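This one's a predicted model, so the numbers in the text were calculated from it and none came from an experiment.
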Amino acid sequence: MASEFKKMAFWRAVIAEFLAMIMFVFISIGAALGFNFPIQEKTNETAAGRTQDIVKVSLAFGLSIATMAQSVGHISGAHLNPAVTLGCLLSCQISILKAVLYIIAQCLGAVVATAILSAITSNLPGNTLGLNGLSNGVTAGQGLGVEIMVTFQLVLCVVAVTDRRRRDVSGSVPLAIGLSVALGHLIAIDYTGCGMNPARSFGSAVVAKNFQYHWIFWVGPMIGGAAAAIIYDFILAPRTSDLTDRLKVWTNGQVEEYELDGEDARMEMKPK
């Protein structure tokens, strides 16, 4: 673990997560806040207000993730989400140290981006800065269930399309992940505002100074992300790695290229 800490590639990856998170949150939450600024009609002096466009917001979240994944994926893996980082940790793609620093960088990046948006949209009355919450009629338990489900499908998509054993993946992996993010927002915005990303929710809560029901947007995505990684790794596409191998990966953070092991296409995971 100490040797990984000393590598420049390690810190470049952490910085990439921080910077990409700033851009992701700025673009996505900025798109969600934009409807508050009315369009000035040419025919009169009054401004026509607009209602929130869920499709626009969902696409902004999805396309921004896809863009950042294409931009920094080769540097950090472009997790940009603590739930994704937890899933990658449980599937032995990264070390514990890298996972912790990724989550810290993601949270800090979200706070910085939300603070920038707060300054840009400072004249909006009652500006919640994309704060997640429960819609009328949605209980805490129901909101938790929504967050678990939408994050489950996201992390399942991530671990599946990035599985190096597969030879059938065609098209753009970043776009597939981005579409999964957009899909989650299309489903969950009406219920919880769609957290699906604890760091994103954390940035809004910190700057807006409102932590009501905030626990839902950590517990739900983390459960969903962990469940997706465990089910994929041990049920859907099991790997032939024992606990000793996994512990070495979690401490060293270095994994050899995965190779097919026999006809059942299992993966032998060996730390360098």
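Put simply, the side chain of Val55 reaches to within 4.5 Å of the side chain of Leu186, judged on heavy atoms. For the pair Phe211 and Leu131, the minimum side-chain heavy-atom distance is 4.5 Å or more. Inter-residue side-chain proximity for Val112 and Val25 is flagged as unmet; no heavy-atom pair is nearer than 4.5 Å. You'll find the side chain of Leu236 reaches within 4.5 Å of the side chain of Leu156, heavy atoms only. In this structure, Pro82 and Met222 have side chains that are in contact, with non-hydrogen atoms separated by less than 4.5 Å. With contacts defined as side-chain heavy-atom distances shorter than 4.5 Å, the pair Leu97/Val100 does not qualify.
Residue pairs meeting the side-chain hydrogen bond (donor to acceptor under 3.5 Å, both in side chains) criterion with at least one member in residues 174-190, sequence neighbours excluded, are Gln153-Ser180. Sorted by first and then second residue, the side-chain hydrogen bond (donor to acceptor under 3.5 Å, both in side chains) pairs with a member in residues 77-86 read His79-Thr85, Thr85-Gln106; sequence neighbours excluded. Annotation: side-chain hydrogen bond (donor to acceptor under 3.5 Å, both in side chains) contacts involving residues 223-232, sequence neighbours excluded, comprise Asp163-Tyr232.
Residues that satisfy the ring pair (Phe, Tyr, Trp, His ring centres under 6.0 Å) test with Trp215, not counting sequence neighbours, are absent from this structure. With sequence neighbours left out, the side-chain contact (heavy atoms from CB on, under 4.5 Å) criterion links Leu179 to Leu175.
Side-chain atoms of Tyr102 do not come within 3.5 Å of backbone N or O of Ala78 as any donor-acceptor pair. Of the possible donor and acceptor atoms, none in the side chain of Arg164 sits under 3.5 Å from a partner among the backbone N and O of Thr162. Using modelled atom types, no side-chain atom of Thr151 and backbone atom of Ile148 make a donor-acceptor pair closer than 3.5 Å. Using a distance-only test at 3.5 Å, with no hydrogens or angles considered, no donor-acceptor pair links the side chain of Ser28 to the main chain of Phe61. Here the side chain of Arg12 pairs no donor or acceptor atom with the backbone of Lys7 at under 3.5 angstrom. When atom types are taken as modelled, the side chain of Ser95 and the backbone of Lys98 share a donor-acceptor pair closer than 3.5 angstrom. Of the possible donor and acceptor atoms, none in the side chain of Gln70 sits under 3.5 Å from a partner among the backbone N and O of Pro174.
From Ile230, atom CD1 reaches atom CG of Leu86 across 8.0 Å, with rounding to the nearest 0.5 Å. Going from atom OG1 of Thr67 over to atom CD1 of Ile27 covers 6.5 Å, rounded to the nearest 0.5 Å. Atom OH of residue Tyr213 and atom OG1 of residue Thr139 lie 9.0 Å apart, to the nearest 0.5 angstrom. Between atom SG of residue Cys107 and atom CD1 of residue Ile104 there is a gap of 8.0 Å, rounded to the nearest 0.5 Å.
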Taking only distance into account, with no hydrogens and no angle test, what donor-acceptor pairs under 3.5 Å do side-chain atoms of residues 196-204 form with protein atoms, sequence neighbours excluded?
from: Asn197; atom 1: OD1; to: Ala199; atom 2: N; distance (Å): 3.1
from: Asn197; atom 1: OD1; to: Arg200; atom 2: N; distance (Å): 3.2
from: Asn197; atom 1: ND2; to: Leu80; atom 2: O; distance (Å): 2.7
from: Arg200; atom 1: NH1; to: Gly130; atom 2: O; distance (Å): 2.5
from: Arg200; atom 1: NH2; to: Asn132; atom 2: OD1; distance (Å): 3.1
from: Arg200; atom 1: NH2; to: Cys194; atom 2: O; distance (Å): 3.1
from: Ser201; atom 1: OG; to: Asn132; atom 2: OD1; distance (Å): 2.6
from: Ser201; atom 1: OG; to: Asn197; atom 2: O; distance (Å): 3.4
from: Ser204; atom 1: OG; to: Leu129; atom 2: O; distance (Å): 2.7

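Residue-environment remark: CZ (Phe10) exceeds the threshold of 12 foreign heavy atoms within 6.0 Å. Enclosure of atom CG in Asp168 by more than 12 non-hydrogen atoms of other residues, nucleotides or ligands within 6.0 angstrom is indicated.
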